[in-house]
Amino acid sequence: MSHEEATDYLVVGAGPAGLQAGYFLQQAGRSYLIVEAGAAPGTFFTRFPRHRTLISINKVHTGWDDPELNMRTDWNSLLSDEHTPLFTARTPRYFPAADEMVGYLADFAATHRLRVRYDTRVTEISRPADGAAGEPADDPEGGPEGGPEGSSAGGPSGPGDFLVRAADGTVFRARRLIVATGVTRPYVPAIEGVETVERYDEVDVDPAAFTGQRVLIIGRGNSAFETADNLIETAAVIHVAGPGSLKLAWQTHFVGHLRAVNNNFLDTYQLKLQNAVLDGDIRRIRLQPDGSYRVSVSFSRVQEVVKDIVYDRVILATGFRFDPSIFAPECRPELAVNDRFPAQTDAWESTNVPGLHFAGTITQVRDFKKSTSGFIHGFRYGVRALHRILEARHHGRPWPARTLPATAGAVTDAAIARVNRSSALFQMFGFLADVVLVGRDGTARYCEEVPVDHLHTAVADGGFGDIGQYFTVTLEYGEGHDKVNPFDITAGRNSQQDTTGLDGRYLHPVVRAFDGAAPGKATAEHHITENLENEWDSEEVHRAPLRSFLRARLTAPAAAARP
């Protein structure tokens, strides 16, 4: 028999992102519930990766005792004020077993006593037109946020509640929805005959099952090469195929590209050991009467248009996509990036369904193949930023800030301290920024870890108050960094005294100045020169040039003098 339960926030999915969202909601004292289809948190990690080894860094021995700094090399722990539990306490393995993640997430949920309803599979999410209940105008702690910060600032005529139906008949009524379901549906490219092949999510992982066989793996991401590496000892021939140039994470700085831990296969290709990487498109797959496959490959770098190659096995390893099937038509989110992810605003809100927010790996649509929103060590900070946006928007709590003297020396000290310690700016390079907000009254506030795109929108809408000028502090790689061979000594490098540009091989702090009356368009930019140890604290090389830059901007007549 069905029954209804109501909550202000409903989080769908108890993976890392869902638990992280629940933690912040609980800390703030909000009415929330997390619903999870599985019997425990982190169901995804009970099956993936298929070969049971994570490629997220777990560096236990850092030489530091600063919890914040340690998070730069701890890619698995979730954020908490208590700094516990930490994934690094579970195992010393640099690339840990996936089962350790399952155990860690259960420990995190239990330690913080998060409200999670397990064995609750969502079957439909709807928003009936007659269910309008209003938005934050009637929040007990509500009130305006100081100005709109997005597409759903709320009000009595706002959208109605979401109705979330579960397989057991329970209906959850929620004012706001945070979907943290990850990418659960295999991405199947439009290839003739693709339905006849095996998929990464179901193929046998026992190498002995491939002994002496010719194997084609379609896809050139980590799942494809993880599969190929597993078969090197037993398969007769392995081809890994896909379009475009193969991208290596150590060069692009995007950890979703091919990682060194999975690239042993490249040795076997370049040393001519019967394996190959095929650069091209798979045009057609034909299952033969004898069970083999005839695959038509269109090569990118040779004159032959199509070549037919015979294989014993074909495995599809082309990644995963977001599954929108649980959404009713009236609240189905628009999709982006070949329909792989929900389209999102700078507040991680659906572009067409106000009040529907996203957390976790599906937020990578905002920095697709550029930064780290697709991974725990990135999206944990994104979830914290989302929580701060929701707190400002719906509960009258502005972005946390501390006051600073509006002087070049004070701002320099604050910025240098943060770039040498912050894990968020380090992990979410170019995406999150610390911000110095200078009011027209001459006061200054320092806000940490604001999404850059959201910052400019919020300043324009008055969400951060009456701002005369503001400065962003980010960590970034130089332009063209994904094309530079970091091991090529003939390429040269910038002088450590050079503040005019960024060296593409290194991570640099960047400080930009903006006029509050024209947010989003930098009026000046300063690069703090690179340092091999990522320590930017030299008086001559780092501090003095930054003070000089800030002094010139802070004393400019610009916006502060305008009415």
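Hydrogens, waters and symmetry mates are skipped; everything else that's a heavy atom, side chains included, is used. Nothing here was measured: the structure is a model prediction, and the numbers come from that model. Note that the numbering runs from 1 along the sequence shown for the chain.
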*asked:* Test side chain to side chain contact (heavy atoms under 4.5 Å, CB included) on L455 and T472; report intermediate values, then the result.
replied: CA-CA 9 Å; L455 166 70; T472 60; 3.4 Å; yes

*Do S423 and Y381 have side-chain N/O donor and acceptor atoms under 3.5 Å apart?*
yes

*Inspect the contact between E5 and R117 and indicate whether a charged nitrogen and a carboxylate oxygen are less than 4.0 angstrom apart.*
yes

*Of R185, R340, R332, which meets salt bridge (charged side-chain N to carboxylate O under 4.0 Å, His left out) against D323?*
R185

_Y187 backbone acceptor or donor facing T318 side chain under 3.5 Å_ = yes

_Candidate pair I362 and F379, rule side chain to side chain contact (heavy atoms under 4.5 Å, CB included), full reasoning_ = CA-CA 9 Å; I362 51 179; F379 67 62; over 6 Å; no

*Min side-chain heavy-atom separation F322-P333 under 4.5 Å*: yes

_Parallel, tilted or perpendicular: which one describes the rings of W75 and H377, with boundaries at 30° and 60°?_
parallel

*How long is the span from the CZ atom in R421 to the CD1 atom in I416, to the nearest 0.5 Å?*
15.0 Å

*At their closest point, which heavy atom of P85 faces which heavy atom of D107, and how far apart are they?*
CB-OD2, 3.6 Å

*Kindly state whether the ring of F254 and the ring of F368 have centres lying under 6.0 angstrom apart.*
no

*Parallel, tilted or perpendicular: ring planes of H394 versus Y9, cut at 30 and 60 degrees*: perpendicular

_Donor-acceptor pair, distance only, cut-off 3.5 Å: does the side chain of N222 make one with the backbone of H257?_
yes

*Expected output: side-chain Y104 to main-chain A89 donor-acceptor under 3.5 Å*: no

_Would you compute the distance between atom NZ of K247 and atom CG of L258 and round it to the nearest 0.5 angstrom?_
13.0 Å

*asked:* Between N76 and S56, is there a side-chain donor-acceptor contact under 3.5 Å, judged purely by atom types and distance?
replied: yes

*Could you give the distance from OG1 (T363) to CZ (F358), rounded to the nearest 0.5 Å?*
10.5 Å

*Hey, does the side chain of T7 reach the backbone of A174 with a donor-acceptor pair shorter than 3.5 angstrom?*
no

*Out of R176, R393, R366, which residue meets the salt bridge (charged side-chain N to carboxylate O under 4.0 Å, His left out) rule with E349?*
R393

*asked:* I want to check something: taking the side chain as every heavy atom from C-beta on, are L432 and P451 in contact at a cut-off of under 4.5 Å?
replied: yes

*Would L507 and Y477 satisfy side chain to side chain contact (heavy atoms under 4.5 Å, CB included), going step by step from the backbone distance to the final call?*
CA-CA 5 Å; L507 196 61; Y477 290 98; 3.5 Å; yes

*Taking the six-membered ring for Trp, are the ring centroids of F464 and Y470 within less than 6.0 Å of each other?*
no

_Would you say CZ of R402 has more than 12 non-hydrogen atoms from neighbouring residues, nucleotides or ligands within 6.0 angstrom?_
yes

*Are the side chain of T46 and the backbone N or O of T43 linked by a donor-acceptor pair below 3.5 Å?*
yes

*asked:* Let me confirm one number: the CG-OG1 distance from D99 to T91, rounded to the nearest 0.5 Å.
replied: 11.5 Å

*How far apart are the closest heavy atoms of P354 and F162, and which atoms are they?*
O-CZ, 3.8 Å

*Got a donor-acceptor contact below 3.5 angstrom from the S126 side chain to the P128 backbone?*
no

*Is the H253 to F429 ring centre distance short of 6.0 Å?*
no

*With a 4.5 Å limit on heavy-atom distance, are the side chains of I178 and L390 in contact?*
yes

*Can you tell if the side chain of V11 reaches within under 4.5 Å of the side chain of L25, non-hydrogen atoms only?*
yes

*Return the minimal non-hydrogen interatomic distance between E36 and A14, and the atom names on each side.*
OE1-N, 2.8 Å

*Check whether any side-chain N or O of H357 sits under 3.5 Å from a backbone N or O of Q344 as a donor-acceptor pair, and report yes or no.*
no

*Work out which heavy atom in R93 is nearest to a heavy atom in N58; give both atom names and the distance.*
O-ND2, 2.9 Å

*Between the side chain of R52 and the main-chain N/O of P49, is any donor-acceptor distance below 3.5 Å?*
yes

*Intermediate values then yes/no, salt bridge (Lys or Arg N to Asp or Glu O under 4.0 Å), D8 and R30*: CA-CA 7 Å; D8 281 351; R30 302 300 166 209; over 6 Å; no

_Nearest atoms (heavy-atom pairs only) where A359 meets V383_ = CB-CG2, 3.9 Å

*For D161, does its backbone N or O pair with a side-chain atom of R173 as donor and acceptor, under 3.5 Å?*
no

*Interatomic spacing from CG in L386 to CH2 in W348 - rounded to 0.5 Å*: 6.5 Å

*For residues T474 and V452, determine if any side-chain heavy atom of one lies less than 4.5 Å from a side-chain heavy atom of the other.*
yes

_Please determine whether side chain to side chain contact (heavy atoms under 4.5 Å, CB included) holds for the pair V450 and W399, giving the CA-CA distance in whole Å, both sets of side-chain angles, and the decisive distance to 0.1 Å._
CA-CA 9 Å; V450 186; W399 200 282; 3.6 Å; yes

_Can a donor-acceptor pair be found, under 3.5 Å and without considering hydrogens, that links the side chain of Y200 to the backbone of G319?_
no

*Check against side chain to side chain donor-acceptor pair (under 3.5 Å), T62 and N70*: CA-CA 7 Å; T62 65; N70 281 336; 2.5 Å; yes

*Please report the closest heavy-atom contact between A424 and E449, naming both atoms and the distance.*
CB-CD, 3.3 Å

*Counterpart residues, side-chain contact (heavy atoms from CB on, under 4.5 Å), relative to H51 (two or more places apart)*: V205, E226, T227, N230

*Within a strict 4.5 Å, meaning less than it, do heavy atoms of the M71 and L79 side chains meet?*
yes

*Enter the distance from L86:CG to S80:OG here, rounded to the nearest 0.5 Å.*
7.0 Å

*Could you verify whether a donor N or O on one side chain and an acceptor N or O on the other, from E334 and T351, lie under 3.5 Å apart?*
yes

